[in-house]
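Only one structure is covered here, and it is reproduced in the block below.
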Amino acid sequence: MAKHYGRGIAAVNYPTGMNLGGDPTQALIFCQPTGGFSVKLASTDLGQGLKTVIAQIAAETLGVPFDSVLVDTGDTDSAPHCMGTFASRGTHRVGNAVIMAANEARKALMDVAADEMEAAPEDLVLENGEIYVKGAPERKTNVFNVALAAHFKYGKTISGRGIYMKQKSSVDPETGACDPDSTEAHATTVAEVEVDDETGEVKVLRLSSAYEVGRQINPEMVHGQIVSGAVMGMAHALTETVFPYYPALDHHTHSFGEYIIPTALDIPEIESVVLEYPSSNGPYGVKGVGEMTANSPIPAIVNAIYDAVGVWVTDLPVTPEKVLRALEEKDQ
Amino acid sequence: MESITITFKLNGKTTAVAVEPLTSLRSVLREHLHFHATKAGCGQGGCGSCTVLVNGESVLSCLMLAALADGQEVTTLEGIGTPQHMHPLQAAFFDKFAAQCGYCSPGMIMAAKALLDKNPHPTRAEIAEALAGNLCRCTGYVAILDAIEAVVTQMQEA
């Protein structure tokens, strides 16, 4: 009777976005007379930080400060259509739609600025909300003044429409080939575990991962996804289930109280590195990072359990009962 | 059922409210008094999102009858800071990206405050122990522990 150390590895390719019958998202941007930009989306921020990265992308493309962008999300009645927050597609789809909308709004802004400054639009520079004539920085104005002029003097809107759509891709009946996603992110996780052969309990000691996620718009938020995905993956591997004896319904959960997720006392050591190989079609080279972070830890933990005690438990979650039954079977 | 009147200090201000006897403190805070920082999660004492301080102790307000708060001092997240003047714990949660959806944050911060008020220099293990009754589905806890540790370090340096 002892505790056994084991180490396992697993890798994942994760698709960004889906194919479906076409996978579009729209965005609308408009400028208030105050010079503030409003980005209108039906997409939803679930806490992963979509509103923040979209404000970053809009500010970068428009050429205005981050603080002057308001991202308004979540009302599907009043906002332009989005397929939804799933398939790790949010930053990719919405970001692309917002870049398109922001470019149109920026052009409208610069046309009014050109009239105001009696210069050609292509001779104007817009940086961080300030506008000046190329080579003559003393001839300057700012977005606020231009927005006021557009609204009250010229009667023009400064606004932009954007859409990004992944075209439908049918499956070739001969070969099975299709183009299911927009880009793919990659990850590898090494799990280290300790398995108690008397109780069947598995303790995850450490999860070490490498993630290739394209360009990071917000590295702190990418890190947040990686850490939280590691803990969620560990829980999928070891504890989380609604029907522990499925298809039998015995001992099924009646409430969240019986659905076991980790607490602050259960987290392993987590370390990660991020590699950036920008995608060709993501906004500023983005790939989706959300869901994949909970994927690679699971098979890595299952492999580590095999390394520790020589049993494969592939029916998740790997409960102490399943480990003990597998050990018993192995001994017979 | 005939309602009863309870009087307690809420965030330093004497507050009276008429409620049915079996109403929980959480319902009084959220539904009667509209203090919505305290969250309604599992409703059975399992998730910690309704954590408030009663006389400085960390309490699950979903399990406490409001009548028991009569004459007591209750502190919610609204009582420790504002967006303009954040409590150091709120500022640290902000700086360390310790929230994703944010639903657990008020309970986490109140549980952490109860700990730091009693033990200003806890170890990371002691912090984790104090938060063990507060569930978070989004963050994986690491950023939350980092934020609270940062406040402990600030207090040591101050």
Side-chain angles (χ1 to χ4, degrees), chain A residues 44-53 73-74 85 90 189 204 206-209 216-237 239-240 253-272 289-291 293-294 297, chain B residues 39-51 58 60 62-63 83 92-112 114-115 122-150:
Chain A
T44 301
D45 191 335
L46 309 171
Q48 78 279 34
L50 182 73
K51 288 172 84 166
T52 303
V53 297
T73 60
T85 303
T189 294
V204 177
R206 186 199 302 262
L207 294 169
S208 311
S209 301
Q216 302 180 86
I217 299 289
N218 190 314
E220 280 290 344
M221 285 180 164
V222 169
H223 182 69
Q225 292 296 302
I226 289 171
V227 171
S228 54
V231 174
M232 188 186 273
M234 178 187 81
H236 289 335
T239 60
E240 290 186 32
T253 58
H254 295 85
S255 73
F256 285 127
E258 299 137 38
Y259 186 83
I260 308 302
I261 71 169
T263 74
L265 291 173
D266 303 318
I267 52 179
E269 281 184 53
I270 299 166
E271 56 181 2
S272 62
V289 66
E291 292 158 297
T293 58
Chain B
K39 294 293 178 273
C42 68
Q44 52 183 220
C47 76
S49 64
C50 66
T51 304
S58 165
L60 298 169
C62 75
L63 294 187
F93 268 59
F94 186 78
D95 290 340
K96 299 283 179 189
F97 288 73
Q100 284 187 29
C101 85
Y103 206 77
C104 74
S105 307
M108 289 281 182
I109 289 170
M110 297 315 283
L115 170 69
T123 62
R124 195 168 173 96
E126 287 171 329
I127 298 170
E129 183 75 40
L131 298 185
N134 292 72
L135 296 181
C136 173
R137 174 88 273 193
C138 304
T139 64
Y141 302 101
V142 175
I144 292 172
L145 297 176
D146 289 347
I148 297 167
E149 259 191 338

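Heavy atoms only: backbone and side chains are in, while hydrogens, waters and symmetry mates are out. Only a predicted model underlies this, so the values are computations on that prediction, with no experimental measurement involved.
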### Query
Do side-chain atoms of B/Y141 reach the backbone of A/V231 as a donor and acceptor pair under 3.5 angstrom?
no
## Note on the structure
Honestly, the part of B/A132 sitting under 4.5 Å from a heavy atom of chain A is both
#### Entry: Region of B/C47 that comes under 4.5 Å of a non-hydrogen atom in chain A
neither
### Query
If you take all heavy atoms of B/Q44 and A/S255, which pair is closest and at what distance?
OE1-OG, 3.0 Å
### Query
Which heavy atom in B/T139 sits nearest to a heavy atom in A/V227, and how many Å separate them?
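Looking at all heavy atoms of both residues, the closest pair is O-CG1, 3.8 Å.
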### Query
A/E240 versus chain B, heavy atoms under 4.5 Å apart: side chain, backbone, both or neither?
side chain
### Region of A/L46 that comes under 4.5 Å of a non-hydrogen atom in chain B
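A/L46 touches chain B through backbone heavy atoms alone.
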### Query
Between A/N218 and B/F97, is any pair of side-chain heavy atoms under 4.5 Å apart?
yes
### Task
Please tell me if the side chains of A/M221 and B/Q100 come closer than 4.5 Å, counting only heavy atoms from C-beta onward.
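Result no, sub-4.5 Å side-chain heavy-atom pair not found.
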### Interatomic spacing from CD in A/Q48 to SG in B/C138 - rounded to 0.5 Å
9.0 Å
### Task
Answer yes or no: are there more than 12 heavy-atom neighbours, outside A/F256 itself, under 6.0 Å from its atom CZ?
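Check fails, neighbour count at 12 or below.
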### Query
Looking at B/G46, B/C42, B/A128, which one has more heavy-atom pairs under 4.5 Å with chain A than the rest?
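Looking at each of B/G46, B/C42, B/A128 in turn, B/A128 comes out on top.
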